[in-house]
Protein chains: 2
Amino acid sequence: MPPDVALMWRLREAPRRGPKPSLSLDDIVRAAIEVADADNDLGAVSMARVAERLGNSTMALYRHVKSKDDLLVLMSDAAIERPDPMPEGVDWRTGLTFWADNVLAAIRKHRWYAKIPISGPPAGPNNLAWFDAALGLLNDTGLPEEAKVGVVMGLITYVQGEVRMAFDLAAGYDQNPAAFQQFGATLRQVADPRQYPAVARLVDAGIFDEVGNFEDESEQDFDFGLQLYLDGVAAFIDRVCQGK
Amino acid sequence: MPPDVALMWRLREAPRRGPKPSLSLDDIVRAAIEVADADNDLGAVSMARVAERLGNSTMALYRHVKSKDDLLVLMSDAAIERPDPMPEGVDWRTGLTFWADNVLAAIRKHRWYAKIPISGPPAGPNNLAWFDAALGLLNDTGLPEEAKVGVVMGLITYVQGEVRMAFDLAAGYDQNPAAFQQFGATLRQVADPRQYPAVARLVDAGIFDEVGNFEDESEQDFDFGLQLYLDGVAAFIDRVCQGK
DNA sequence: CTATTTAGCGTATCTGATACGCAGTAAGGA
DNA sequence: TCCTTACTGCGTATCAGATACGCTAAATAG
């Protein structure tokens with residue numbers, strides 16, 4: 001078993017000798033999440049700051065985690081709260097839409113989550129619960145297990161893309177809204193229409209000049225693409241299960 | 001215009017006085033990319049290492065870029081080579097599949113690219129060229145411009161998800177293949193079937209015990225999800241354009 | 001009771017980003 | 001032509017962060 005997975009599931013046996021610890025792994029992970037949340041920035045999480053938050057010395061943390069990377073792995077599971085139960089009595093499509101919206105909302109509470117490297121397949125208790133929930137929503141489709149995994153992995157890929165893009169872009173927008181509002185004008189200045197004909201058409205059509213509410217548009221964009229994907233899933237389910 | 005966009009398009013006027021620079025922005029960016037490529041790790045890029053590669057002192061770089069963050073932005077455009085011309089005489093679907101495969105291949109040449117924060121809308125010459133190419137492939141669909149953007153943004157989101165997941169997972173696999181090969185066994189040990197019923201079914205079905213070639217499976221998974229998305233796009237195009 | 005294990009932490013080392021200011025180079029302008 | 005100004009490169013310094021090392025004290029096993 002990989003050491004980080006054992007850590008996530010708290011499989012390490014408590015030692016029998018030596019002083020009673022004043023610190024626990026849970027304390028450390030919780031403090032690290034609080035530090036990240038305080039600044040909404042994964043970069044704010046240093047061993048020194050986590051230790052400070054706990055009222056301990058930096059080096060004490062290393063008795064409990066091997067490295068900062070291990071701490072990040074632990075955070076990648078602890079930060080994403082376990083899903084509430086999925087809605088019952090709804091079709092797979094409504095369920096997956098609910099799932100996608102809710103996993104995004106859970107991640108949105110800790111935007112820095114998107115910055116944690118993915119170290120392996122979903123293996124922590126909370127990430128696994130989300131994976132399980134999505135799979136469960138496909139139970140009534142009659143898809144074989146392998147196909148369910150394919151559908152859910154595609155969905156997760158799409159959500160991860162949103163996580164990567166939307167949160168970075170939201171941070172960029174917070175920092176410099178003007179850059180977004182003037183994107184059309186910027187493109188007019190730099191993008192030669194002969195080299196970028198399709199972009200030029202957009203610019204001419206004023207697509208980038210319509211400045212709505214950044215968050216609303218981000219959500220609409222996400223949902224538009226999500227529904228396209230789910231349309232494809234619907235056709236796939238038809239082909240596999242009704243075609244029999 | 002945002003300063004980083006001006007930098008990407010080399011809009012800064014060369015100074016008229018003072019010594020001739022021995023360094024150029026292009027030199028610095030190229031060296032930074034070489035450093036990242038040498039270790040296949042964005043973290044390897046320090047100002048000191050870039051300077052060393054150029055045979056200059058670290059602080060000389062700051063005459064040309066304001067900060068390391070600016071250098072990363074420049075790298076985010078320079079590292080992704082401009083697209084070759086898209087195939088002609090093919091339908092939009094074949095084109096978008098080609099596009100997706102090729103942008104991934106371009107990014108795959110510099111895996112560390114996925115680690116660069118996205119600072120704003122696609123605004124550098126090369127990223128914009130990819131955006132333009134994707135839009136151009138939808139020209140014959142008859143979709144209005146705004147809908148084309150929606151379709152392409154969804155596709156980019158999916159690709160970015162793949163970038164985030166597949167590359168991280170590939171790195172994880174390189175480091176510790178056993179963790180992946182034993183994923184099923186690990187789940188059997190940690191995941192209580194009462195709490196993770198859908199996952200338990202997968203485990204029982206041996207889905208995670210079938211260990212094929214990691215890269216091949218990754219590509220197949222990507223393509224499976226991509227085709228689902230494109231199925232949804234096809235239905236959307238039908239609704240919008242043939243329904244008229 | 002002694003030996004062993006373990007927790008906390010002070011000190012030290014190394015790496016990396018960047019501020020500051022000096023010296024030298026090159027052009028503008030009188 | 002000469003002086004002033006702008007600019008490049010870089011040495012030094014400062015600060016922050018990750019973590020190795022080893023000491024002291026606490027707690028348990030035998």
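For the numbers below, each heavy atom of this structure counts, side chains included, while hydrogens, waters and symmetry mates do not. A note on names: the letters A, B, ... follow the listed sequences, proteins ahead of strands, and every chain is numbered from 1.
- Taking side-chain N and O atoms only, B:His64 has a distance below 4.0 Å to OP1 or OP2 of D:dG9.
- Nucleotide D:dA18 holds its P atom 14 Å from the CG atom of A:Asp70, rounded to whole Å.
- Atom pair A:Leu72:CG and D:dG17:P shows a separation of 14 Å (rounding to whole Å applied).
- Only B:Pro21, B:Ser22, B:Leu23, listed by number, bring a heavy atom of residues 20-29 of chain B to less than 4.0 angstrom from any atom of DNA chain D.
- For A:Arg16, no side-chain nitrogen or oxygen approaches OP1 or OP2 of D:dA27 to under 4.0 Å.
- Put simply, CZ on B:Arg63 is 11 Å from C1' on D:dA6, counting in whole angstrom units.
- Relative to the side chain of A:Pro19, the nucleotides D:dG22, C:dT6, C:dC22 differ in distance, and C:dT6 lies closest.
- Relative orientation of the A:Tyr158 and A:Phe222 rings is parallel, given thresholds of 30° and 60° on the angle between their planes.
- Other residues, nucleotides and ligands place no more than 12 heavy atoms under 6.0 Å from the CD atom of A:Gln175.
- For A:Arg188 and A:Gln182, the side-chain atoms include no donor-acceptor pair closer than 3.5 Å.
- With 3.5 Å as the limit, one finds no donor-acceptor pair spanning the side chains of A:Asp221 and A:Ser218.
- With hydrogens and angles ignored, a donor-acceptor pair closer than 3.5 Å exists between the side chain of B:Arg17 and the base of D:dT5.
- A parallel orientation is assigned to the rings of A:Tyr173 and A:Phe214, their planes being inclined by less than 30° (bins at 30° and 60°).
- The distance from atom OH of B:Tyr62 to atom P of C:dG16 is 12 Å, rounded to the nearest whole Å.
- B:Trp99 and B:Trp130 have perpendicular rings, their planes meeting at more than 60° on a 0 to 90° scale where under 30° would count as parallel.
- Using a 4.0 Å cut-off between charged side-chain N and carboxylate O, B:Asp26 and B:Arg10 make a salt bridge.
- To the nearest 0.5 Å, the span separating CG on B:Leu74 from CG on B:Asp4 amounts to 8.0 Å.
- B:Glu215 pairs by the side chain to side chain donor-acceptor pair (under 3.5 Å) definition with nothing, not counting sequence neighbours.
- Closest contact between the side chain of A:Pro15 and the listed nucleotides D:dT19, C:dT18, C:dA7 involves C:dA7.
- Residues of residues 38-60 of chain B that place a heavy atom closer than 4.0 Å to DNA chain D, in numerical order, are B:Asn56, B:Ser57, B:Met59, B:Ala60.
- A straight line from NZ of A:Lys68 to P of C:dT15 spans 18 Å, rounded to a whole angstrom.
- Rounded to whole Å, atom P of D:dT19 lies 10 Å from atom CG of A:Leu71.
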